[in-house]
Amino acid sequence: QVQLVESGGGLVQAGGSLRLSCVASGNIFSINAMGWYRQAPGKQRELVADIHSGGNSNYADSVKGRFTISRDNGGTVYLQMNSLKPEDTGVYYCSMGVTTRDYFQMDYWGKGTLVTVSS
């Protein structure tokens, strides 16, 4: 059993900042990639940023220079969001590639946290 829980969403004004966190818990042996996705109202879910165990990260063009993804050694991934724009509004989901202690490997998803940026 693996659970991902996001936190840190909320309502901010354009130009403001938020930091999202996602904590993984459960029967985890190792975590490979971690990522953040978002889904705006009426739009498809898109990749915002991801980071791999070796430290390599990548970002959607729309957030480059404004967002930073990071991870610690305890199963947590963060997304620091600066200079927020109204078009950043949406539900943000974290996802992780997990190998359990039973050697069962699959992707897990959190339930999402809502980010609303007012103009």
Side-chain angles (χ1 to χ4, degrees):
Q1 299 277 25
V2 176
Q3 299 83 37
L4 306 184
V5 180
E6 303 101 333
S7 62
L11 174 64
V12 297
Q13 294 182 346
S17 298
L18 285 173
R19 190 170 88 143
L20 306 183
S21 300
C22 178
V23 179
S25 62
N27 190 29
I28 298 171
F29 176 75
S30 63
I31 301 174
N32 187 16
M34 297 178 169
W36 286 97
Y37 295 73
R38 69 186 180 190
Q39 187 166 21
K43 297 184 179 180
Q44 294 181 331
R45 185 179 300 182
E46 64 175 346
L47 175 68
V48 178
D50 60 19
I51 185 168
H52 292 76
S53 60
N56 292 335
S57 61
N58 62 85
Y59 299 86
D61 288 340
S62 60
V63 307
K64 286 181 179 178
R66 299 188 297 119
F67 291 10
T68 303
I69 189 170
S70 61
R71 62 189 289 176
D72 63 19
N73 293 322
T76 303
V77 62
Y78 306 91
L79 186 68
Q80 178 66 47
M81 305 186 294
N82 298 325
S83 301
L84 283 162
K85 304 175 181 179
E87 51 263 44
D88 295 318
T89 293
V91 178
Y92 284 68
Y93 302 88
C94 69
S95 181
M96 301 185 188
V98 175
T99 299
T100 70
R101 295 188 181 276
D102 298 324
Y103 302 104
F104 181 68
Q105 187 172 331
M106 67 177 294
D107 294 337
Y108 289 87
W109 292 82
K111 294 182 179 180
T113 184
L114 178 63
V115 172
T116 303
V117 184
S118 63
S119 60

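The structure displayed is predicted, hence computed values, not measured ones. All values below were derived from every heavy atom in this structure, side-chain atoms included, with hydrogens, water molecules and symmetry-related copies excluded. If you read the sequence from its start, that first residue is 1, and numbering goes on from there.
Nearest approach of L4 to A24, heavy atoms of both residues: CD2-CB, 3.3 Å. Contact detail for S119 and A14: the closest heavy-atom pair is CA-CB, 4.5 Å. Scanning all heavy atoms of the two residues, the minimum distance from A60 to L47 falls at CB-O, 3.4 Å. Closest approach of I69 to G35, counting heavy atoms only: CD1-CA, 4.4 Å. Of all heavy-atom pairs between V98 and V2, the closest is CG1-CG2, 4.0 Å.
The shortest distance between side-chain heavy atoms of I31 and R71 falls below 4.5 Å. Using a 4.5 Å cut-off on side-chain heavy atoms (C-beta onward), N32 and T99 make no contact.
Hydrophobic clustering keeps V5 apart from I28 (ILVMFWY residues linked when any side-chain heavy atoms are closer than 4.5 Å, directly or through intermediates). V23 and V48 are assigned to two separate hydrophobic clusters, defined by single-linkage of ILVMFWY side chains at heavy-atom distances under 4.5 Å. No continuous path of hydrophobic side-chain contacts links Y103 to M106 [ILVMFWY only; heavy atoms under 4.5 Å]. If you chain together hydrophobic residues whose side chains sit under 4.5 Å apart, V12 and V63 fall into the same group. Residue Y37 is not grouped with residue L84 when hydrophobic side chains (ILVMFWY) are merged at heavy-atom distances under 4.5 angstrom, including chains of intermediate members.
Interatomic distance, CE of M34 versus SG of C22, reported as 7.5 Å (0.5 Å rounding). N27 CG to Q3 CD: the interatomic distance, rounded to the nearest 0.5 Å, is 10.0 Å. Summarising the geometry, atom OG1 belonging to T68 is positioned 8.0 Å from atom CG belonging to L79; distances are rounded to the nearest 0.5 Å. Here the straight-line distance linking atom CD1 of I51 with atom CE of M96 works out to 11.0 Å at 0.5 Å rounding. With rounding to the nearest 0.5 Å, the separation of CD in Q80 from OG in S21 is 9.5 Å. Atom-to-atom distance recorded for N56:CG and D50:CG is 9.5 Å, nearest 0.5 angstrom.
V115 meets the side chain to side chain contact (heavy atoms under 4.5 Å, CB included) test with L18, L20, M81, Y92, V117; sequence neighbours excluded. Listed by chain and number, the residues in a ring-ring contact (aromatic ring centres under 6.0 Å, His included) with F104 amount to none (sequence neighbours excluded).
In this structure a side-chain-to-backbone donor-acceptor pair under 3.5 Å is missing from Q39 to G90.
Classification of the W109-Y93 ring pair by plane angle, with boundaries at 30° and 60°, yields perpendicular.
Sorted by first and then second residue, the salt bridge (charged side-chain N to carboxylate O under 4.0 Å, His left out) pairs involving residues 79-94 (not counting sequence neighbours) are R38-D88, R66-D88.
For an aromatic pair to be called close, the ring centres must be under 6.0 Å apart, and W36 with F67 fails this.
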